[in-house]
Amino acid sequence: MPRTEKCIYCGNSFDPTRGEGDHVLSVQLGKFRNDIRFRKICTSCNNRIGRSEQQFLRCGPESFFRNLVNPKIPKRRQRGRSQVGAMGMPSPQSTIDVGDHRQLVERSKINHNNVFPLDQIVIHDDKGEEFFIKLFEGMRPEHIKDHVEKCGVLNIDKIWVHCDMQLYSEFRHLLKKVWPNLKVHDLPETEAGVTQISGRITFNFNDHYFRSLAKIAFHHYLIHSRRGFRGDEECFRPIRDFIMNGGNNEDFFTQSGPKFVLPFGDIPSGGVITPKQWCHIIAADETCETVTVYIRLFVGEGCLPPPKYIRIANTNSRILVPAPTWGHVYLYDESPKQDGYAGEVKQAQITRIR
């Protein structure tokens, strides 16, 4: 007789042995030894959450670090590395400062500190907003007009064109078709070679990004909590609804939380400790009635991104549990191994400063 489980999100019964369950951290970040999957979610709800997860993987700061770290991923799982955005948001935008405007650039896949120029139009409107339109050979005026309309540009103040000199005549002729009265001023050519210049990466995302982080926090908590929650209890209804349907992320995400003593990160005496290997840290505190989960992704040598604090629920429970503060480190292997895993999960020694 097949085993049945009840999905904590939709309430439907399903066979948890069919399918992989939910990877707390997306497998696009690598598979980890000793990782435990969340089994109380049906395939349909898991796939629905996975669509939000694509924005987390493609649009947020983690997309940059994922390409930087380049974790080992099983071949059949090597998807989601597209440079396009997800769920209505664009992919990260890299620009450099060229004085009175910025220029869109493309990052090298080999060394992310290196960038390459793109053929493009840079538009400033009368409110000082900046817009970028990539140019390509054979582009028609309609393409540019559509881009301008989608960007919501109303009153154009200035336009800059950056392109290869071999295509300059073609693009200049193209712009004249779009803006017949355009006055053109030629600027000095850029010298060929390597130049050091300041850059910026812009990330655009919406609640799908926060829903993915909330899912990581919620499922990790349910797997490791000493209180034995399933996840379909009434106290978790708000976080379940947010994960599935979205909402105001400020209802769950806070700027600070319990003061943890962690293996990596800020230390009470001042200063910062970072590991030599890249890793992710997830910690939870259920000392009080409010359950809070701490997430810090892509911690590495000299790199300490800001943490996220997610309030999971108010359990209204005054029962004390042993070791109410706990956490895990998802540690990437220092050198590649041949077992298909990117690293391993280790229990972290974490205490709470009262």
Side-chain angles (χ1 to χ4, degrees), residues 26 28-29 51-71 79-137 139 143-164 167 171 174-175 178 187 190 194-213 249 297-298 303 305-306 308:
S26 170
Q28 301 302 315
L29 300 180
R51 289 193 287 273
S52 291
E53 213 162 39
Q54 289 306 304
Q55 187 178 102
F56 166 78
L57 294 167
R58 295 179 181 179
C59 304
E62 290 75 17
S63 64
F64 170 78
F65 285 107
R66 181 168 65 125
N67 288 329
L68 180 65
V69 176
N70 193 25
R79 56 181 173 80
R81 285 184 178 270
S82 171
Q83 294 301 306
V84 300
M87 306 305 286
M89 291 288 109
S91 58
Q93 194 175 68
S94 297
T95 58
I96 58 173
D97 188 352
V98 290
D100 52 0
H101 66 285
R102 303 194 69 80
Q103 181 181 348
L104 196 64
V105 292
E106 186 176 72
R107 289 189 171 272
S108 167
K109 294 181 179 179
I110 300 174
N111 183 345
H112 285 264
N113 289 320
N114 295 338
V115 296
F116 301 96
L118 297 171
D119 295 333
Q120 64 195 275
I121 300 171
V122 183
I123 299 176
H124 278 191
D125 66 10
D126 58 354
K127 295 180 180 179
E129 294 290 329
E130 198 167 48
F131 307 91
F132 305 94
I133 300 175
K134 294 181 183 178
L135 296 171
F136 55 86
E137 287 187 80
M139 196 172 191
H143 290 142
I144 295 179
K145 291 178 181 178
D146 287 344
H147 276 288
V148 171
E149 185 177 347
K150 288 179 181 177
C151 291
V153 182
L154 297 177
N155 300 310
I156 296 175
D157 181 32
K158 292 181 181 179
I159 297 174
W160 290 267
V161 179
H162 295 273
C163 67
D164 190 289
L167 299 172
F171 290 144
L174 174 66
L175 295 183
V178 179
L187 299 174
T190 303
V194 178
T195 304
Q196 187 171 357
I197 195 167
S198 61
R200 177 193 303 171
I201 306 176
T202 304
F203 303 100
N204 293 282
F205 46 82
N206 54 28
D207 68 346
H208 287 283
Y209 172 82
F210 292 100
R211 288 159 65 178
S212 299
L213 287 168
N249 57 277
L297 302 177
F298 288 109
C303 181
K308 277 88 173 177

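Ring centroid separation for the pair Phe205 and Phe56 does not come in under the 6.0 Å cut-off.
Of the inter-residue distances, the one linking Asp97 atom CG with Gln103 atom CD reads 10.5 Å to the nearest 0.5 angstrom. Once rounded to the nearest 0.5 Å, the distance linking CD1 of Ile144 with NZ of Lys134 reads 15.0 Å. Separating the NE2 atom in His143 from the CG atom in Leu135 is a distance of 12.0 Å, to the nearest 0.5 Å. Here Arg211 contributes atom CZ and Glu53 contributes atom CD; the two are 11.5 Å apart, rounded to the nearest 0.5 Å. Rounding to the nearest 0.5 Å gives a distance of 8.0 Å between NZ of Lys308 and CZ of Phe210. A distance of 9.0 Å separates CZ in Arg58 from CD in Gln28, rounded to the nearest 0.5 Å.
Residues Leu57 and Arg66 come closest through the heavy atom pair O-NH2, 3.1 Å. When all heavy atoms are compared, the tightest approach of Asn206 to Met87 is ND2-O, 3.5 Å. Considering all non-hydrogen atoms of both residues, Met89 and Gln55 come closest at CG-NE2, 3.5 Å. Listed here is the closest heavy atom pair of Pro305 and Leu297: CG-O, 3.4 Å. Of all non-hydrogen atoms in Pro61 and Tyr209, the two that sit nearest each other are CD-OH, 3.8 Å. Considering every non-hydrogen atom in both Gly85 and Cys59, the closest pair reads CA-SG, 3.9 Å.
Using a distance-only test at 3.5 Å, with no hydrogens or angles considered, a donor-acceptor pair links the side chain of Ser212 to the main chain of Ser52.
Residues meeting the side-chain contact (heavy atoms from CB on, under 4.5 Å) test with Val69, sequence neighbours left out: Pro71, Trp278, Phe298, Tyr332. Asp157 pairs by the side-chain contact (heavy atoms from CB on, under 4.5 Å) definition with nothing, not counting sequence neighbours.
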message = Evaluate Met139 against Ile133 for side chain to side chain contact (heavy atoms under 4.5 Å, CB included), listing each step before the verdict.
response = CA-CA 11 Å; Met139 196 172 191; Ile133 300 175; 4.1 Å; yes

(request) Output, in order, the C-alpha distance, side-chain angles, deciding distance and verdict of side chain to side chain contact (heavy atoms under 4.5 Å, CB included) for Arg107 and Asn67. (result) CA-CA 10 Å; Arg107 289 189 171 272; Asn67 288 329; over 6 Å; no

Q | Candidate pair Asp100 and Trp160, rule side chain to side chain contact (heavy atoms under 4.5 Å, CB included), full reasoning | A | CA-CA 10 Å; Asp100 52 0; Trp160 290 267; 3.6 Å; yes

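Inter-residue side-chain proximity for Pro92 and Phe64 is flagged as unmet; no heavy-atom pair is nearer than 4.5 Å. Looking only at side-chain heavy atoms (C-beta outward), Arg102 and Phe132 come within less than 4.5 Å of each other. Here the side chains of Val178 and Val148 are not in contact, with every heavy-atom distance at 4.5 Å or above.
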Distance-only check: which donor-acceptor pairs under 3.5 Å involve side-chain atoms of residues 118-126, not counting sequence neighbours?
residue, atom, partner, partner atom, Å
Asp119, OD1, Asp164, N, 3.0
Gln120, OE1, Leu104, N, 2.7
Gln120, NE2, Leu104, O, 2.7
Gln120, NE2, Leu118, O, 2.9
His124, NE2, Glu130, OE2, 2.7
Asp125, OD1, Lys127, N, 2.9
Asp125, OD1, Gly128, N, 3.0
Asp125, OD1, Glu129, N, 2.8
Asp126, OD2, Asn155, ND2, 3.2

